[in-house]
Amino acid sequence: MKHGDGKRVVRILVIIGTRPEAIKLAPVIRRLQCHADVAVRVCLTGQHRELLSQGLADFHLHADHNLDLMQDGQSVNDMVARVLAAMSTVLNQERPDWVVVQGDTSSAIAAALAAFHHGVRVAHVEAGLRTGDPNQPWPEEINRRLIAQLAHLHFAPTPSAKHNLEREGIAPSAIEVCGNTVIDALLLAQNLGDENIAPTAADPHQKLILCTLHRRENLTPERLSQVETALKVLVAEHDCHIVFPFHPNPALADTVARLRDFHPRLRMIAPLSYVPFVRLMMQASLILTDSGGIQEEAAYLGKPVLIMRTSTERPEVLEGDAILVGTDEKAIITAVTKILQSPHPIHRPTGTFDTLGTGGAASLIVQRLMAEESAPT
Ligand SMILES: CC(=O)N[C@H]1[C@@H](OP(=O)(O)OP(=O)(O)OC[C@H]2O[C@@H](n3ccc(=O)[nH]c3=O)[C@H](O)[C@@H]2O)O[C@H](CO)[C@@H](O)[C@@H]1O
(Lines give C-alpha, C1' and ligand atoms only; values in the text may rest on other atoms or scores of the structure.)
Protein backbone atom coordinates (compact mmCIF):
# COMPACT_ATOMS: atom_id res chain seq x y z
CA MET A 1 0.00 0.00 0.00
CA LYS A 2 1.26 3.51 -0.84
CA HIS A 3 0.49 7.09 0.18
CA GLY A 4 -0.69 9.51 -2.52
CA ASP A 5 2.94 10.72 -2.72
CA GLY A 6 4.11 7.20 -3.53
CA LYS A 7 5.64 6.56 -0.08
CA ARG A 8 5.00 3.06 1.19
CA VAL A 9 2.63 2.48 4.10
CA VAL A 10 3.58 -0.33 6.48
CA ARG A 11 0.60 -2.54 7.28
CA ILE A 12 0.60 -3.89 10.82
CA LEU A 13 -1.97 -6.32 12.18
CA VAL A 14 -2.15 -6.52 16.00
CA ILE A 15 -3.68 -9.65 17.55
CA ILE A 16 -5.39 -9.55 20.94
CA GLY A 17 -6.91 -12.55 22.71
CA THR A 18 -7.22 -11.67 26.38
CA ARG A 19 -7.47 -8.75 28.80
CA PRO A 20 -3.74 -8.59 29.59
CA GLU A 21 -2.88 -8.59 25.88
CA ALA A 22 -5.32 -5.69 25.35
CA ILE A 23 -3.75 -3.73 28.22
CA LYS A 24 -0.17 -4.42 27.16
CA LEU A 25 -0.76 -3.79 23.45
CA ALA A 26 -2.92 -0.66 23.85
CA PRO A 27 0.14 1.65 24.18
CA VAL A 28 1.70 0.05 21.07
CA ILE A 29 -1.51 0.44 19.04
CA ARG A 30 -1.84 4.08 20.11
CA ARG A 31 1.76 4.78 19.04
CA LEU A 32 1.29 3.00 15.72
CA GLN A 33 -1.90 4.99 15.08
CA CYS A 34 0.11 8.22 15.43
CA HIS A 35 2.66 7.16 12.80
CA ALA A 36 1.97 8.67 9.38
CA ASP A 37 3.52 5.73 7.49
CA VAL A 38 1.64 2.97 9.30
CA ALA A 39 -1.78 1.44 8.73
CA VAL A 40 -2.60 -0.42 11.93
CA ARG A 41 -5.45 -2.92 12.20
CA VAL A 42 -6.59 -4.71 15.36
CA CYS A 43 -7.95 -8.25 15.44
CA LEU A 44 -9.61 -9.71 18.54
CA THR A 45 -9.87 -13.46 18.84
CA GLY A 46 -12.36 -13.26 21.69
CA GLN A 47 -10.43 -15.71 23.91
CA HIS A 48 -11.60 -13.66 26.93
CA ARG A 49 -14.86 -12.15 25.77
CA GLU A 50 -16.01 -9.76 28.53
CA LEU A 51 -12.59 -9.16 30.06
CA LEU A 52 -11.18 -8.29 26.67
CA SER A 53 -13.67 -5.55 25.95
CA GLN A 54 -12.96 -4.19 29.47
CA GLY A 55 -9.23 -4.18 28.63
CA LEU A 56 -9.79 -2.10 25.49
CA ALA A 57 -12.53 0.21 26.72
CA ASP A 58 -10.42 2.45 28.92
CA PHE A 59 -7.95 3.08 26.12
CA HIS A 60 -10.72 4.12 23.68
CA LEU A 61 -9.57 1.55 21.13
CA HIS A 62 -11.77 -0.35 18.72
CA ALA A 63 -11.22 -3.58 16.82
CA ASP A 64 -11.31 -4.00 13.05
CA HIS A 65 -11.97 -7.74 13.32
CA ASN A 66 -13.65 -9.62 16.15
CA LEU A 67 -13.43 -13.35 15.58
CA ASP A 68 -15.46 -14.01 18.75
CA LEU A 69 -14.13 -17.55 18.96
CA MET A 70 -14.70 -18.39 22.62
CA GLN A 71 -17.15 -21.21 23.31
CA ASP A 72 -18.17 -22.61 26.68
CA GLY A 73 -16.06 -25.55 27.80
CA GLN A 74 -13.61 -25.07 24.92
CA SER A 75 -10.29 -26.89 25.30
CA VAL A 76 -6.89 -25.29 24.66
CA ASN A 77 -6.60 -27.38 21.48
CA ASP A 78 -10.01 -26.20 20.26
CA MET A 79 -9.09 -22.57 20.86
CA VAL A 80 -5.73 -22.84 19.11
CA ALA A 81 -7.28 -24.69 16.15
CA ARG A 82 -10.10 -22.17 15.78
CA VAL A 83 -7.74 -19.15 15.89
CA LEU A 84 -5.36 -20.82 13.42
CA ALA A 85 -8.20 -21.50 10.97
CA ALA A 86 -9.86 -18.10 11.35
CA MET A 87 -6.60 -16.17 10.92
CA SER A 88 -6.23 -17.23 7.27
CA THR A 89 -9.26 -15.15 6.26
CA VAL A 90 -8.00 -12.12 8.19
CA LEU A 91 -4.48 -12.45 6.79
CA ASN A 92 -5.79 -12.80 3.22
CA GLN A 93 -7.98 -9.75 3.68
CA GLU A 94 -5.42 -7.52 5.41
CA ARG A 95 -2.19 -8.69 3.73
CA PRO A 96 -0.09 -7.24 6.55
CA ASP A 97 3.67 -6.66 6.50
CA TRP A 98 3.79 -7.57 10.19
CA VAL A 99 1.67 -9.45 12.68
CA VAL A 100 2.22 -8.30 16.27
CA VAL A 101 1.48 -10.75 19.09
CA GLN A 102 2.02 -10.32 22.83
CA GLY A 103 2.91 -12.72 25.60
CA ASP A 104 2.01 -16.34 25.71
CA THR A 105 -1.68 -17.05 25.15
CA SER A 106 -3.31 -19.61 22.84
CA SER A 107 -4.30 -16.67 20.63
CA ALA A 108 -0.71 -15.44 20.42
CA ILE A 109 0.79 -18.82 19.47
CA ALA A 110 -1.97 -19.61 16.95
CA ALA A 111 -1.79 -16.17 15.30
CA ALA A 112 2.02 -16.34 15.13
CA LEU A 113 1.87 -19.77 13.48
CA ALA A 114 -0.82 -18.63 11.03
CA ALA A 115 1.27 -15.58 10.09
CA PHE A 116 4.34 -17.77 9.62
CA HIS A 117 2.37 -20.07 7.30
CA HIS A 118 1.34 -17.02 5.26
CA GLY A 119 4.93 -15.74 5.04
CA VAL A 120 4.13 -12.71 7.21
CA ARG A 121 6.78 -11.50 9.66
CA VAL A 122 5.89 -11.79 13.35
CA ALA A 123 6.90 -9.29 16.04
CA HIS A 124 6.66 -10.66 19.56
CA VAL A 125 6.04 -8.21 22.39
CA GLU A 126 7.12 -9.37 25.88
CA ALA A 127 9.47 -11.96 24.43
CA GLY A 128 11.87 -14.10 26.44
CA LEU A 129 9.98 -14.62 29.70
CA ARG A 130 10.72 -18.10 31.04
CA THR A 131 10.15 -20.07 34.23
CA GLY A 132 12.19 -22.97 32.81
CA ASP A 133 9.38 -25.39 33.73
CA PRO A 134 7.17 -26.49 30.80
CA ASN A 135 4.21 -26.90 33.16
CA GLN A 136 4.50 -23.54 34.97
CA PRO A 137 2.48 -21.79 33.75
CA TRP A 138 0.69 -24.28 31.53
CA PRO A 139 0.42 -24.00 28.53
CA GLU A 140 1.91 -20.49 28.44
CA GLU A 141 5.55 -21.43 29.05
CA ILE A 142 5.59 -23.61 25.93
CA ASN A 143 3.60 -21.04 23.94
CA ARG A 144 6.31 -18.45 24.68
CA ARG A 145 9.09 -20.78 23.59
CA LEU A 146 7.29 -21.68 20.35
CA ILE A 147 6.51 -18.05 19.51
CA ALA A 148 10.24 -17.29 19.87
CA GLN A 149 10.94 -19.82 17.10
CA LEU A 150 8.35 -18.22 14.81
CA ALA A 151 9.08 -14.54 15.38
CA HIS A 152 11.26 -12.30 13.26
CA LEU A 153 11.60 -9.57 15.91
CA HIS A 154 11.61 -10.12 19.66
CA PHE A 155 10.77 -7.26 22.03
CA ALA A 156 12.29 -8.37 25.33
CA PRO A 157 11.23 -6.37 28.39
CA THR A 158 14.53 -6.87 30.27
CA PRO A 159 18.13 -7.96 29.70
CA SER A 160 17.41 -11.27 31.42
CA ALA A 161 14.58 -11.96 28.93
CA LYS A 162 17.03 -11.20 26.12
CA HIS A 163 19.50 -13.62 27.66
CA ASN A 164 16.83 -16.36 27.73
CA LEU A 165 16.20 -15.85 24.02
CA GLU A 166 19.89 -15.93 23.15
CA ARG A 167 20.25 -19.22 25.05
CA GLU A 168 17.57 -20.63 22.74
CA GLY A 169 19.52 -19.60 19.65
CA ILE A 170 17.80 -16.32 18.77
CA ALA A 171 20.22 -13.88 17.08
CA PRO A 172 20.99 -10.89 19.35
CA SER A 173 20.37 -8.54 16.40
CA ALA A 174 16.73 -9.69 16.28
CA ILE A 175 16.15 -8.81 19.95
CA GLU A 176 15.31 -5.34 21.23
CA VAL A 177 15.32 -4.73 24.99
CA CYS A 178 12.61 -2.13 25.46
CA GLY A 179 11.01 -2.45 28.90
CA ASN A 180 7.55 -3.84 29.45
CA THR A 181 4.63 -2.11 27.74
CA VAL A 182 2.59 -2.69 30.91
CA ILE A 183 4.40 0.29 32.46
CA ASP A 184 3.34 2.43 29.48
CA ALA A 185 -0.22 1.20 30.04
CA LEU A 186 -0.09 1.97 33.75
CA LEU A 187 1.09 5.52 33.10
CA LEU A 188 -1.56 5.98 30.41
CA ALA A 189 -4.25 4.70 32.78
CA GLN A 190 -3.18 7.14 35.47
CA ASN A 191 -3.63 9.98 32.96
CA LEU A 192 -6.84 8.58 31.50
CA GLY A 193 -8.43 8.48 34.97
CA ASP A 194 -11.98 9.71 35.25
CA GLU A 195 -12.35 11.68 38.49
CA ASN A 196 -15.99 10.56 38.69
CA ILE A 197 -15.08 6.92 39.17
CA ALA A 198 -16.33 5.86 42.59
CA PRO A 199 -13.56 4.89 45.03
CA THR A 200 -13.26 1.14 45.14
CA ALA A 201 -11.65 0.71 48.55
CA ALA A 202 -14.12 0.54 51.40
CA ASP A 203 -12.33 2.65 54.01
CA PRO A 204 -9.22 4.65 53.05
CA HIS A 205 -7.94 4.56 56.66
CA GLN A 206 -7.86 0.79 56.93
CA LYS A 207 -5.25 -1.42 55.34
CA LEU A 208 -6.39 -2.88 52.05
CA ILE A 209 -5.37 -6.25 50.67
CA LEU A 210 -6.06 -6.66 46.97
CA CYS A 211 -6.38 -10.29 45.90
CA THR A 212 -6.66 -11.91 42.46
CA LEU A 213 -6.43 -15.59 41.54
CA HIS A 214 -6.92 -17.14 38.13
CA ARG A 215 -3.99 -19.33 37.06
CA ARG A 216 -5.15 -22.70 35.80
CA GLU A 217 -2.59 -24.46 38.06
CA ASN A 218 -4.20 -22.83 41.12
CA LEU A 219 -7.82 -23.66 40.36
CA THR A 220 -7.72 -27.12 41.99
CA PRO A 221 -10.05 -27.81 44.96
CA GLU A 222 -7.01 -28.21 47.29
CA ARG A 223 -5.33 -24.94 46.36
CA LEU A 224 -8.57 -22.99 46.27
CA SER A 225 -9.44 -24.26 49.72
CA GLN A 226 -6.03 -23.18 51.10
CA VAL A 227 -6.39 -19.66 49.70
CA GLU A 228 -10.00 -19.46 50.93
CA THR A 229 -8.95 -20.41 54.48
CA ALA A 230 -6.07 -17.93 54.44
CA LEU A 231 -8.38 -15.05 53.40
CA LYS A 232 -10.93 -15.99 56.07
CA VAL A 233 -8.26 -16.06 58.80
CA LEU A 234 -6.70 -12.79 57.65
CA VAL A 235 -9.94 -10.82 57.54
CA ALA A 236 -11.01 -12.19 60.92
CA GLU A 237 -7.68 -11.55 62.67
CA HIS A 238 -6.66 -8.18 61.20
CA ASP A 239 -8.40 -4.86 61.03
CA CYS A 240 -8.07 -4.86 57.24
CA HIS A 241 -10.23 -4.89 54.13
CA ILE A 242 -9.82 -7.50 51.44
CA VAL A 243 -11.07 -6.78 47.92
CA PHE A 244 -11.07 -9.69 45.48
CA PRO A 245 -12.05 -8.98 41.85
CA PHE A 246 -12.60 -12.51 40.57
CA HIS A 247 -12.29 -13.98 37.07
CA PRO A 248 -15.62 -15.26 35.68
CA ASN A 249 -14.25 -18.82 35.68
CA PRO A 250 -16.71 -21.57 36.72
CA ALA A 251 -13.88 -23.31 38.64
CA LEU A 252 -13.86 -20.37 41.08
CA ALA A 253 -17.64 -20.16 41.55
CA ASP A 254 -18.03 -22.16 44.79
CA THR A 255 -15.08 -20.46 46.46
CA VAL A 256 -16.44 -17.06 45.44
CA ALA A 257 -19.90 -17.89 46.81
CA ARG A 258 -18.50 -18.93 50.22
CA LEU A 259 -16.17 -15.94 50.50
CA ARG A 260 -18.87 -13.49 49.42
CA ASP A 261 -20.96 -14.22 52.51
CA PHE A 262 -18.13 -14.64 54.96
CA HIS A 263 -17.34 -11.16 56.31
CA PRO A 264 -18.37 -7.55 55.54
CA ARG A 265 -14.73 -6.53 55.22
CA LEU A 266 -14.09 -9.21 52.57
CA ARG A 267 -15.57 -8.00 49.27
CA MET A 268 -15.87 -10.23 46.24
CA ILE A 269 -16.39 -8.00 43.22
CA ALA A 270 -16.71 -8.39 39.45
CA PRO A 271 -13.55 -7.71 37.43
CA LEU A 272 -12.90 -4.00 37.01
CA SER A 273 -11.92 -2.21 33.85
CA TYR A 274 -8.33 -1.07 33.81
CA VAL A 275 -8.49 2.50 35.14
CA PRO A 276 -10.44 1.64 38.33
CA PHE A 277 -8.29 -1.45 38.81
CA VAL A 278 -5.15 0.70 38.69
CA ARG A 279 -6.78 2.97 41.30
CA LEU A 280 -7.40 -0.03 43.50
CA MET A 281 -3.78 -1.20 43.17
CA MET A 282 -2.63 2.28 44.17
CA GLN A 283 -4.81 2.18 47.30
CA ALA A 284 -3.68 -1.31 48.31
CA SER A 285 -1.35 -1.93 51.24
CA LEU A 286 -0.35 -5.22 49.67
CA ILE A 287 -1.31 -7.37 46.72
CA LEU A 288 -1.84 -11.12 46.81
CA THR A 289 -1.97 -12.54 43.30
CA ASP A 290 -0.97 -15.23 40.82
CA SER A 291 -1.23 -12.82 37.86
CA GLY A 292 1.76 -12.04 35.67
CA GLY A 293 0.85 -8.44 34.81
CA ILE A 294 -0.11 -7.50 38.36
CA GLN A 295 3.35 -8.57 39.61
CA GLU A 296 4.86 -6.06 37.20
CA GLU A 297 2.43 -3.27 37.98
CA ALA A 298 2.78 -3.77 41.74
CA ALA A 299 6.56 -3.59 41.44
CA TYR A 300 6.40 -0.28 39.56
CA LEU A 301 3.82 1.12 42.00
CA GLY A 302 6.11 0.14 44.90
CA LYS A 303 3.54 -2.21 46.47
CA PRO A 304 4.52 -5.39 48.29
CA VAL A 305 3.25 -8.32 46.26
CA LEU A 306 2.89 -11.90 47.43
CA ILE A 307 2.87 -14.19 44.42
CA MET A 308 0.70 -17.27 44.86
CA ARG A 309 2.98 -19.38 42.68
CA THR A 310 6.19 -21.33 43.21
CA SER A 311 8.04 -19.76 40.28
CA THR A 312 7.91 -16.56 38.30
CA GLU A 313 9.00 -15.72 34.77
CA ARG A 314 9.59 -12.20 36.06
CA PRO A 315 12.57 -12.73 38.40
CA GLU A 316 13.23 -8.97 38.42
CA VAL A 317 10.24 -8.37 40.70
CA LEU A 318 11.91 -10.47 43.40
CA GLU A 319 14.60 -7.75 43.59
CA GLY A 320 11.78 -5.37 44.58
CA ASP A 321 9.11 -6.14 47.17
CA ALA A 322 7.73 -9.34 45.69
CA ILE A 323 7.80 -12.72 47.43
CA LEU A 324 6.93 -16.13 46.03
CA VAL A 325 4.49 -17.35 48.66
CA GLY A 326 2.72 -20.25 46.89
CA THR A 327 -0.80 -21.25 47.92
CA ASP A 328 -0.12 -22.82 51.30
CA GLU A 329 -2.52 -21.20 53.79
CA LYS A 330 0.03 -20.90 56.59
CA ALA A 331 2.64 -19.37 54.29
CA ILE A 332 0.11 -16.81 53.03
CA ILE A 333 -1.09 -15.90 56.54
CA THR A 334 2.48 -15.53 57.87
CA ALA A 335 3.68 -13.42 54.95
CA VAL A 336 0.63 -11.12 54.95
CA THR A 337 0.72 -10.69 58.74
CA LYS A 338 4.40 -9.76 58.62
CA ILE A 339 3.72 -7.02 56.08
CA LEU A 340 0.59 -5.71 57.83
CA GLN A 341 2.39 -5.55 61.17
CA SER A 342 5.63 -4.08 59.85
CA PRO A 343 6.60 -0.94 61.78
CA HIS A 344 8.39 0.40 58.68
CA PRO A 345 6.70 1.95 55.63
CA ILE A 346 5.65 -0.88 53.38
CA HIS A 347 5.65 1.05 50.11
CA ARG A 348 8.27 2.50 47.86
CA PRO A 349 7.37 5.62 45.92
CA THR A 350 5.83 4.85 42.51
CA GLY A 351 8.42 4.51 39.75
CA THR A 352 11.47 3.98 41.96
CA PHE A 353 11.54 0.32 40.90
CA ASP A 354 12.22 0.87 37.21
CA THR A 355 13.79 -2.43 36.18
CA LEU A 356 10.74 -3.32 34.08
CA GLY A 357 10.70 -0.02 32.24
CA THR A 358 9.74 3.59 32.63
CA GLY A 359 6.99 3.94 30.06
CA GLY A 360 8.95 4.20 26.79
CA ALA A 361 8.52 0.62 25.57
CA ALA A 362 5.83 1.25 22.94
CA SER A 363 7.83 4.06 21.38
CA LEU A 364 10.94 1.86 21.10
CA ILE A 365 8.87 -0.95 19.58
CA VAL A 366 7.45 1.32 16.87
CA GLN A 367 10.89 2.81 16.16
CA ARG A 368 12.42 -0.63 15.70
CA LEU A 369 9.59 -1.90 13.51
CA MET A 370 9.97 1.12 11.24
CA ALA A 371 13.77 0.82 11.20
CA GLU A 372 13.37 -2.78 10.12
CA GLU A 373 11.17 -1.64 7.24
CA SER A 374 13.70 0.88 5.96
CA ALA A 375 16.69 -1.48 6.36
CA PRO A 376 18.08 -2.74 3.04
CA THR A 377 16.99 -6.32 2.34
C1 LIG B 1 1.34 -16.08 34.51
C2 LIG B 1 1.22 -15.81 33.07
O3 LIG B 1 1.67 -16.57 32.27
N4 LIG B 1 0.52 -14.75 32.73
C5 LIG B 1 0.33 -14.33 31.36
C6 LIG B 1 -1.09 -13.80 31.19
O7 LIG B 1 -1.38 -12.70 31.98
P8 LIG B 1 -1.83 -12.31 33.45
O9 LIG B 1 -1.55 -13.40 34.42
O10 LIG B 1 -1.17 -10.99 33.69
O11 LIG B 1 -3.41 -12.08 33.30
P12 LIG B 1 -4.50 -11.37 34.20
O13 LIG B 1 -5.80 -11.90 33.71
O14 LIG B 1 -4.14 -11.46 35.64
O15 LIG B 1 -4.48 -9.85 33.75
C16 LIG B 1 -3.69 -8.92 34.39
C17 LIG B 1 -4.01 -7.54 33.89
O18 LIG B 1 -5.39 -7.26 34.08
C19 LIG B 1 -5.55 -6.10 34.88
N20 LIG B 1 -6.79 -6.29 35.68
C21 LIG B 1 -6.86 -7.27 36.62
C22 LIG B 1 -8.03 -7.45 37.37
C23 LIG B 1 -9.15 -6.59 37.10
O24 LIG B 1 -10.22 -6.69 37.73
N25 LIG B 1 -9.03 -5.65 36.14
C26 LIG B 1 -7.88 -5.47 35.41
O27 LIG B 1 -7.80 -4.59 34.55
C28 LIG B 1 -4.27 -5.99 35.67
O29 LIG B 1 -4.00 -4.66 36.04
C30 LIG B 1 -3.22 -6.53 34.70
O31 LIG B 1 -2.74 -5.53 33.81
O32 LIG B 1 -1.20 -13.34 29.84
C33 LIG B 1 -0.36 -12.24 29.56
C34 LIG B 1 -0.66 -11.74 28.17
O35 LIG B 1 -0.23 -12.58 27.20
C36 LIG B 1 1.11 -12.58 29.71
O37 LIG B 1 1.84 -11.37 29.64
C38 LIG B 1 1.34 -13.23 31.07
O39 LIG B 1 2.67 -13.74 31.10
Side-chain angles (χ1 to χ4, degrees), residues 15-27 45 47-48 50-59 100-112 124-131 133-145 147 155-157 161 180-190 192 200 210-218 243-249 252 267-282 284 287-301 303 305 307-314 317 324 356:
I15 310 299
I16 299 178
T18 63
R19 170 179 66 191
E21 289 162 275
I23 292 168
K24 289 177 168 180
L25 285 172
T45 67
Q47 187 177 337
H48 277 175
E50 302 84 11
L51 295 186
L52 180 52
S53 45
Q54 274 192 343
L56 284 179
D58 284 339
F59 295 104
V100 175
V101 299
Q102 194 281 339
D104 47 28
T105 62
S106 298
S107 298
I109 176 62
H124 186 203
V125 174
E126 199 181 64
L129 270 59
R130 300 288 184 269
T131 61
D133 177 349
N135 292 312
Q136 297 273 356
W138 185 93
E140 288 87 351
E141 174 76 2
I142 291 299
N143 289 344
R144 300 166 182 155
R145 297 190 202 177
I147 296 170
F155 293 107
N180 199 307
T181 56
V182 80
I183 309 300
D184 303 37
L186 195 58
L187 297 175
L188 270 177
Q190 285 176 327
L192 285 171
T200 29
L210 172 60
C211 178
T212 78
L213 183 76
H214 74 290
R215 291 295 327 148
R216 217 183 296 262
E217 311 82 80
N218 280 339
V243 178
F244 187 156
F246 58 92
H247 260 244
N249 185 326
L252 268 171
R267 291 168 56 215
M268 304 301 292
I269 62 171
L272 296 167
S273 71
Y274 192 53
V275 169
F277 189 74
V278 169
R279 287 266 169 101
L280 196 55
M281 283 193 286
M282 291 169 74
I287 300 175
L288 188 57
T289 189
D290 59 358
S291 157
I294 297 173
Q295 291 172 42
E296 297 157 342
E297 291 159 341
Y300 186 82
L301 291 171
K303 302 289 177 178
V305 58
I307 306 166
M308 290 188 281
R309 295 175 54 191
T310 50
S311 58
T312 177
E313 54 288 274
R314 297 160 170 92
V317 301
L324 283 169
L356 300 172

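We count ligands from 1, going down the list as the structure has it; atoms in each ligand are counted the same way. Just the heavy atoms: all of them, side chains too, but no hydrogens, waters or symmetry mates, feed the values below.
- In Tyr274, the parts holding a heavy atom less than 4.0 Å from any atom of ligand 1 are both the side chain and the backbone.
- Near His247, the atoms of ligand 1 lying under 4.0 angstrom from a non-hydrogen atom of the residue are 13 (O).
- Among protein heavy atoms, the minimum distance from atom 1 (C) of ligand 1 is reached at Arg309 NH1, 3.3 Å.
- At the top of the distance list for atom 11 (O) of ligand 1, counting protein heavy atoms only, stands Pro20 CG, 3.3 Å.
- Results of the side-chain hydrogen bond (donor to acceptor under 3.5 Å, both in side chains) test with Gln295 over Thr289, Thr312, Asp290 single out Thr312 as the only residue that passes.
- The closest heavy-atom contact to atom 5 (C) of ligand 1, among the options Asp104, Thr289, Val275, comes from Asp104.
- Both the backbone and the side chain of Ser291 come within 4.0 Å of ligand 1, counting heavy atoms alone.
- Within ligand 1, counting atoms from 1 as listed, the ones closer than 4.0 Å to a heavy atom of Gly293 are 8 (P), 10 (O).
- Polar contact with ligand 1: present for Gly292 (N/O pair, distance under 3.5 Å).
- Residue Arg215 touches ligand 1 through its side chain alone, judged by heavy-atom distances below 4.0 Å.
- Given atom 28 (C) of ligand 1, the protein heavy atom at minimum distance is Glu297 OE1, 3.4 Å.
- Contact analysis leaves Leu129 out of contact with ligand 1, as no non-hydrogen atom separation drops below 4.0 angstrom.
- Under the 4.0 angstrom criterion for non-hydrogen atoms, Glu141 is not in contact with ligand 1.
- Of the protein's non-hydrogen atoms, the one nearest atom 18 (O) of ligand 1 is Arg19 NE, 3.1 Å.
- For atom 24 (O) of ligand 1, the nearest non-hydrogen atom of the protein is Leu272 N, 2.9 Å.
- Annotation: Glu140 places no N or O atom under 3.5 Å from an N or O atom of ligand 1; distance criterion only.
- Counting the atoms of ligand 1 from 1 in the order shown, those under 4.0 Å from a heavy atom of Met281 are 29 (O).
- Regarding atom 17 (C) of ligand 1, its nearest protein heavy-atom neighbour is Ile23 CD1, 3.9 Å.
- Taking every heavy atom of Pro137 and a limit of under 4.0 angstrom, the matching atoms of ligand 1 come to 3 (O).
- Using modelled atom types, one finds no donor on one side chain facing an acceptor on the other under 3.5 Å when comparing Gln136 with Thr131.
- Distances between N or O atoms of Lys24 and those of ligand 1 include at least one value under 3.5 Å.
- Using a cutoff of 4.0 Å between basic side-chain nitrogens and carboxylate oxygens, Glu141 and Arg145 are scored as salt-bridged.
- Remark: minimum distance from atom 34 (C) of ligand 1 to any protein heavy atom is reached at Gln102 OE1, 3.1 Å.
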*Residues Tyr300, Leu356; criterion side-chain contact (heavy atoms from CB on, under 4.5 Å); working and verdict*: CA-CA 8 Å; Tyr300 186 82; Leu356 300 172; over 6 Å; no
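- By heavy-atom distance, the residue among Arg314, Glu296, Glu217 lying nearest atom 38 (C) of ligand 1 is Arg314.
- Scanning the protein heavy atoms around atom 37 (O) of ligand 1, the nearest turns out to be Glu126 OE1, 2.4 Å.
- Residue contacts with ligand 1 leave out Thr212, since none of its heavy atoms falls under 4.0 Å from the ligand.
- Each of the following atoms of ligand 1 lies closer than 4.0 Å to a heavy atom of Pro271: 24 (O).
- For the ligand labelled ligand 1, residue Arg144 lies inside the 4.0 Å heavy-atom shell.
- Residue Arg279 holds its CZ atom at 11.5 Å from CG of Leu272, rounded to the nearest 0.5 Å.
- Atom numbering of ligand 1 starts at 1 in the shown order; those under 4.0 Å from a heavy atom of Thr105 are 35 (O).
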